[in-house]
Amino acid sequence: MCRMPSAESTPTSVHESEPVRPTKDDEVSRNGSEFIGGPLGRRALLGTSWWTPVRVIALVAIGVFALGLVQKAPCYNGGWFFGASTQYTHACYSDIPHLYQGRGFADGLVPYFDKLPGDMQYLEYPVLTGVFMEVAAWLTPGSGTIQHQEQWYWMVNAGMLMVCAAVIVVCVSRTHARRPWDGLLVALAPAFALTATINWDLLAVALTASAMLMWARGRSLAFGVLLGLATAAKLYPVFLLGPLFVLCWRAGKWRDFGKALGGAAVSWLVVNLPVMFFAFDGWSKFYTFSQERGVDFGSFWLILAQNSSDPWSTDTVNTFATLLVLLCCAGIAALALAAPRRPRFAQLAFLIVAAFILTNKVYSPQYVLWMVPLAVLARPKWRDFLIWQACEVAYFLGIWMYLAYTTSGNAHKGLPTDGYHWAIGLHLLGTAYLCAMVVRDILMPERDVVRRAGDDDPSGGVLDGAEDVFVLGPAARPPRHAAHFEGPQVEWGGAPEPTDRSL
């Protein structure tokens with residue numbers, strides 16, 4: 001064990017009054033700003049108008065979300081109800097209208113308590129998502145044809161999910177206090193708009209983004225409570241406790257981690273215990289379904305299965321997928337403890353969720369929503385973000401064209417199996433590329449655009465500027481700088497130095 005400072009110079013607070021201007025530091029942002037008059041000038045009057053960055057970004061997000069609703073119009077007007085492949089050829093599929101009747105909401109059945117007709121005996125979603133779905137059903141008129149009711153149900157859910165989207169962009173914009181314009185990456189993300197109303201994932205994403213904001217503000221207990229609620233809506237948020245544990249270990253912040261863990265456990269139990277106690281079979285359906293579900297869309301496991309004469313059983317895939325994600329977790333933990341400078345919380349949060357997605361046996365197109373806010377906080381670089389988004393949009397189109405192909409009979413309209421495998425590969429490569437950029441930022445902190453601006457870990461809360469108390473290997477040595485990097489070298493949380501350092 002050793003003790004090593006991680007913020008040896010000027011505290012980050014001295015920089016808080018100077019916001020980062022993306023049009024000054026990011027070439028893609030600067031070039032894109034020409035559509036609205038060019039980069040922000042040095043004589044611009046900041047903070048003198050009602051149009052603050054957060055308000056502008058929230059309105060942009062709502063506008064782009066509305067465009068995503070328009071994109072679903074062909075399905076709303078008939079594709080969900082007439083013709084098996086129409087909703088795929090128009091790339092406007094959504095689970096929401098189909099599950100209104102398919103999961104008993106149209107018949108007034110109570111989720112988790114009442115059995116459903118058909119193969120799926122109970123609702124296969126976590127409890128808080130089930131509550132969200134039920135509330136939307138209460139707000140849906142029960143009169144008219146089933147098509148009319150399903151259209152209403154989708155619109156009610158879309159309105160509720162729009163609120164979630166606004167919460168997400170506001171939280172991302174405010175998490176890094178000096179970088180509010182980074183939230184524009186979320187607001188303008190094409191994959192975000194295209195997948196927002198496919199399912200109910202935005203609820204968990206909004207709670208997770210809120211939790212990240214609370215941690216950035218130093219409110220450990222509130223972070224835990226919100227993360228527990230997010231986990232009660234979707235499983236993936238619980239993975240964020242892993243990176244947080246390692247970072248708090250390195251910084252010796254056990255009390256804050258304990259508050260976060262306790263808050264998460266209590267809030268998760270408050271939501272789940274009543275249903276678990278009175279309707280255990282219905283409550284457990286989400287977990288048994290996840291375990292029993294076979295290899296499905298979007299995963300590299302599907303490529304292996306469809307190219308094998310003897311595919312692995314579901315149990316075998318589960319075992320290997322678990323081993324792979326555990327191996328990734330171990331690698332991320334080693335990176336966190338041995339990096340020359342303690343990684344930012346958002347960086348490790350993105351890496352752990354991306355690792356789960358890359359190794360999982362299924363990748364539904366809306367899972368990209370899990371990563372978008374974390375990707376923006378981890379690496380707010382327009383070029384890399386747009387490269388990744390292009391790959392995700394390609395996959396979004398690929399899966400629907402593949403389903404159009406498989407449902408069009410002998411007509412074979414759409415993308416054949418081999419083409420769909422290329423779409424999966426593009427999604428995997430795009431995500432892996434962004435992960436590689438984040439890892440490079442961790443190993444070479446001066447490459448990190450957040451730290452180059454003079455911050456340490458603005459989303460780190462109590463970790464921001466904290467000293468290290470436990471490190472491994474390379475962390476005991478001075479930071480390693482990029483060999484061919486032209487620009488100021490950044491010290492531990494301080495201002496850029498005027499001269500370069502050699503390796």
Side-chain angles (χ1 to χ4, degrees), residues 72 75 79-80 84-99 102-103 119-120 124-125 129 190-192 194-202 204 234-236 286 289-308 311-318 320-322 324-325 353-372 388-409 412-432:
K72 299 294 187 291
C75 282
W80 292 327
S85 62
T86 303
Q87 59 188 335
Y88 304 134
T89 56
H90 288 86
C92 54
Y93 173 84
S94 173
D95 288 325
I96 294 173
H98 297 298
L99 295 188
R103 296 300 179 266
D119 296 334
M120 190 68 67
E124 74 280 22
Y125 286 86
T129 296
F192 193 94
L194 291 171
T195 62
T197 56
I198 290 179
N199 204 277
W200 292 269
D201 295 64
L202 278 184
K234 207 73 178 180
L235 181 62
Y236 86 91
F286 165 70
F289 174 73
S290 299
Q291 183 72 16
E292 297 167 357
R293 186 178 189 177
V295 171
D296 214 330
F297 298 115
S299 69
F300 75 90
W301 300 105
L302 181 67
I303 298 177
L304 296 178
Q306 291 183 335
N307 285 282
S308 173
W312 288 347
S313 67
T314 299
D315 288 340
T316 301
V317 172
N318 286 341
F320 279 100
T322 302
L324 278 178
V325 77
V353 173
F356 175 70
I357 281 176
L358 289 172
T359 59
N360 199 21
K361 60 185 177 181
V362 58
Y363 178 72
S364 298
Q366 73 271 11
Y367 288 3
V368 68
L369 297 171
W370 305 357
M371 294 189 288
V372 169
W388 170 58
Q389 282 290 290
C391 294
E392 292 296 333
V393 171
Y395 175 74
F396 174 84
L397 297 174
I399 186 173
W400 306 131
M401 292 305 102
Y402 172 66
L403 287 170
Y405 180 86
T406 59
T407 58
S408 60
H412 294 312
K413 296 179 179 179
L415 192 67
T417 302
D418 290 344
Y420 179 54
H421 290 172
W422 281 104
I424 295 174
L426 199 58
H427 144 67
L428 296 172
L429 286 174
T431 304

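If you're wondering where the values come from, they're calculated on a predicted model, not measured in any experiment.
Residues satisfying the salt bridge (Lys or Arg N to Asp or Glu O under 4.0 Å) criterion with Asp201, sequence neighbours excluded, are Lys234. For Thr86, the side chain to side chain contact (heavy atoms under 4.5 Å, CB included) criterion is met by His90, not counting sequence neighbours. For Pro416, the side chain to side chain contact (heavy atoms under 4.5 Å, CB included) partners at least two apart in sequence or on another chain are Tyr405. Remark: Trp301 engages no residue in a ring pair (Phe, Tyr, Trp, His ring centres under 6.0 Å) (not counting sequence neighbours). Scored by the side-chain hydrogen bond (donor to acceptor under 3.5 Å, both in side chains) test, Ser313 finds Thr316 as partners (sequence neighbours excluded). With sequence neighbours left out, the ring pair (Phe, Tyr, Trp, His ring centres under 6.0 Å) criterion links Phe289 to no other residue. Legend: residues meeting side-chain hydrogen bond (donor to acceptor under 3.5 Å, both in side chains) with Gln389, ordered by chain and number and at least two apart, are absent. Qualifying side-chain hydrogen bond (donor to acceptor under 3.5 Å, both in side chains) partners for Asp95, counting only residues two or more places apart in sequence or in other chains: Tyr93, Asn199. The side chain to side chain contact (heavy atoms under 4.5 Å, CB included) test applied to Tyr402 returns Phe297, Gln306, Thr406, Thr417, Tyr420, not counting sequence neighbours. By the ring pair (Phe, Tyr, Trp, His ring centres under 6.0 Å) test, Phe356 pairs with Phe239, sequence neighbours left out. Not a single disulfide bond (SG atoms under 2.5 Å apart) links Cys391 to another residue, sequence neighbours left out.
The CD1 atom of Ile198 sits 5.5 Å away from atom NZ of Lys72, with the distance rounded to the nearest 0.5 Å. Distance CD1/Ile96 to SG/Cys75: 12.0 Å, rounded to 0.5 Å. Taken from CD1 in Ile424 to CG in Leu429, the straight-line distance is 12.0 Å, to the nearest 0.5 Å. Atom-to-atom distance recorded for Leu194:CG and Glu392:CD is 11.0 Å, nearest 0.5 angstrom. In this structure, the separation between CD1 on Ile357 and OG1 on Thr431 is 7.0 Å, given to the nearest 0.5 Å. Atom CZ of Phe286 and atom CG of Leu235 lie 5.0 Å apart (nearest 0.5 Å).
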Checklist entry - After noting the C-alpha distance and the side-chain angles of Ile399 and Tyr88, does the key distance pass the side chain to side chain contact (heavy atoms under 4.5 Å, CB included) rule? => result CA-CA 8 Å; Ile399 186 173; Tyr88 304 134; over 6 Å; no

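With a 4.5 Å cut-off on side-chain heavy atoms, Tyr367 and Val353 do not count as touching. Here the side chains of Val368 and Tyr363 are in contact, with some heavy-atom distance below 4.5 Å. Using a 4.5 Å cut-off on side-chain heavy atoms (C-beta onward), Tyr236 and Asn360 make no contact. Using a 4.5 Å heavy-atom threshold, the side chains of Thr314 and Lys361 count as touching.
Closest non-hydrogen pair, Thr407 versus Ser85, comes out as OG1-CB, 3.3 Å. Among all heavy-atom pairs drawn from Val393 and Ala191, the shortest one is CG2-N, 4.1 Å. Taking both residues in full, the closest heavy atoms of Ala423 and Ala394 are given as CB-O, 4.4 Å, listed atom of the first, atom of the second, then distance. For Gln87 against Trp80, the heavy-atom pair with the smallest separation is OE1-CD1, 3.4 Å. Nearest approach of Asn318 to Thr322, heavy atoms of both residues: O-OG1, 2.7 Å.
Remark: the backbone N or O of Val372 is not paired with any side-chain donor or acceptor of Trp388 at under 3.5 angstrom. Listed for the Ser94 side chain is a donor-acceptor partner under 3.5 Å among the backbone atoms of Thr197.
The list of salt bridge (charged side-chain N to carboxylate O under 4.0 Å, His left out) pairs with a residue in residues 294-305, not counting sequence neighbours, reads Arg293-Asp296.
Below 30°, between 30° and 60°, or above 60°: for Trp312 and Phe320 the angle between ring planes is below 30°, a parallel geometry.
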